[in-house]
Amino acid sequence: MSILAEALSLQLDKKGIKHSVHGDDKEGVIMMQQLHETKITTTVLFLTEDKTNSVSVRFYNFYKVEEQDKTGNLFFLLNKMNQRYRWGKIVLDGDDIMISMDAIVTPFNIADICVQLTIYGAQIADETYTALEKLKYQL
């Protein structure tokens, strides 16, 4: 098991945060996060890398884009959101909007950093969801 994933899992257990550990080398930690404004639950994946002392945080499953909505306006909006939130990268991954963030961590601070990034990422996802819905329905 990844040392960082193990440290993250142990510290999340201590904080009472539900999660699961996955991957061939048990390097990924998955948890669910409910978005405040939208009441949507997103999947949060933490991919740890012991060699580089890093974690990549990815938010999935909070917004699906239909084929007819993949227009220049969508990409313009995603670029605009990326300029606003430089820490998180918002991209179209197939039909899903995904947010990713990376950080350098240690076994001692990984949980605190991941919790902070989860809160920040949820804020980005919340605002992105609202902006995408406005674009979709031209509100």
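The structure presented is a predicted model; accordingly, all values stated were derived computationally and were not measured. Numbers here simply count residues along the sequence, with the first being 1. All values below were derived from every heavy atom in this structure, side-chain atoms included, with hydrogens, water molecules and symmetry-related copies excluded.
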I'd like to check [X] versus [Y] (side-chain heavy atoms, cut-off strictly below 4.5 Å). Are they in contact?
| X | Y | result |
| --- | --- | --- |
| Ile17 | Val115 | yes |
| Tyr63 | Thr128 | no |
| Asp69 | Glu66 | yes |
| Met31 | Phe46 | yes |
| Val57 | Val44 | yes |

Indicate if [X] and [Y] have the same hydrophobic cluster label, given that clusters are the connected sets of ILVMFWY residues with side-chain heavy-atom separations under 4.5 angstrom.
| X | Y | result |
| --- | --- | --- |
| Ile119 | Ile124 | yes |
| Val55 | Met101 | yes |
| Leu78 | Ile40 | yes |
| Leu35 | Leu135 | yes |
| Leu12 | Leu47 | no |

Verify, without hydrogens or angle tests, whether [X] (side chain) and [Y] (backbone) share a donor-acceptor contact under 3.5 angstrom.
| X | Y | answer |
| --- | --- | --- |
| Glu49 | Lys51 | yes |
| Asn79 | Phe76 | no |
| Glu27 | Asp25 | yes |
| Ser54 | Asp50 | no |
| Ser2 | Lys26 | no |
| Ser100 | Arg58 | no |
| Asn109 | Val105 | no |
| Gln11 | Pro107 | yes |
| Ser9 | Ala5 | no |

Pairing donors with acceptors under 3.5 angstrom, does anything connect the side chains of Asn61 and Thr43?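 There is such a pair between these side chains.
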Tyr85 and Glu127: side-chain donor and acceptor closer than 3.5 Å? yes
Taking atom [atom1] of [X] and atom [atom2] of [Y], what is their separation to the nearest 0.5 Å?
| X | Y | atom1 | atom2 | result |
| --- | --- | --- | --- | --- |
| Cys114 | Lys15 | SG | NZ | 10.5 Å |
| Ile110 | Ile3 | CD1 | CD1 | 11.0 Å |
| Ile30 | Leu45 | CD1 | CG | 5.5 Å |

Output a table of donor-acceptor pairs, distance under 3.5 Å, between side-chain atoms of residues 89-99 and any protein atom two or more places apart or on a different chain; print 'none' if there are none.
| unit_1 | atom_1 | unit_2 | atom_2 | d |
| --- | --- | --- | --- | --- |
| Asp95 | OD1 | Lys70 | NZ | 2.7 |
| Asp96 | OD1 | Lys64 | NZ | 2.9 |

Minimal non-hydrogen separation, Leu8 against Ala111, with atom names: CD1-CA, 3.7 Å
Kindly indicate, with the supporting measurements, whether the criterion side-chain contact (heavy atoms from CB on, under 4.5 Å) is fulfilled by Met1 and Val21. CA-CA 9 Å; Met1 175 182 249; Val21 179; 3.4 Å; yes
Stepwise side-chain contact (heavy atoms from CB on, under 4.5 Å) check, Leu132 with Leu77: CA-CA 8 Å; Leu132 289 166; Leu77 176 64; 3.6 Å; yes
More than 12 heavy atoms from other groups under 6.0 Å of CZ on Phe75: yes
With sequence neighbours excluded, tell me which residues meet salt bridge (Lys or Arg N to Asp or Glu O under 4.0 Å) with Asp13.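 Not a single residue meets the salt bridge (Lys or Arg N to Asp or Glu O under 4.0 Å) criterion with Asp13.
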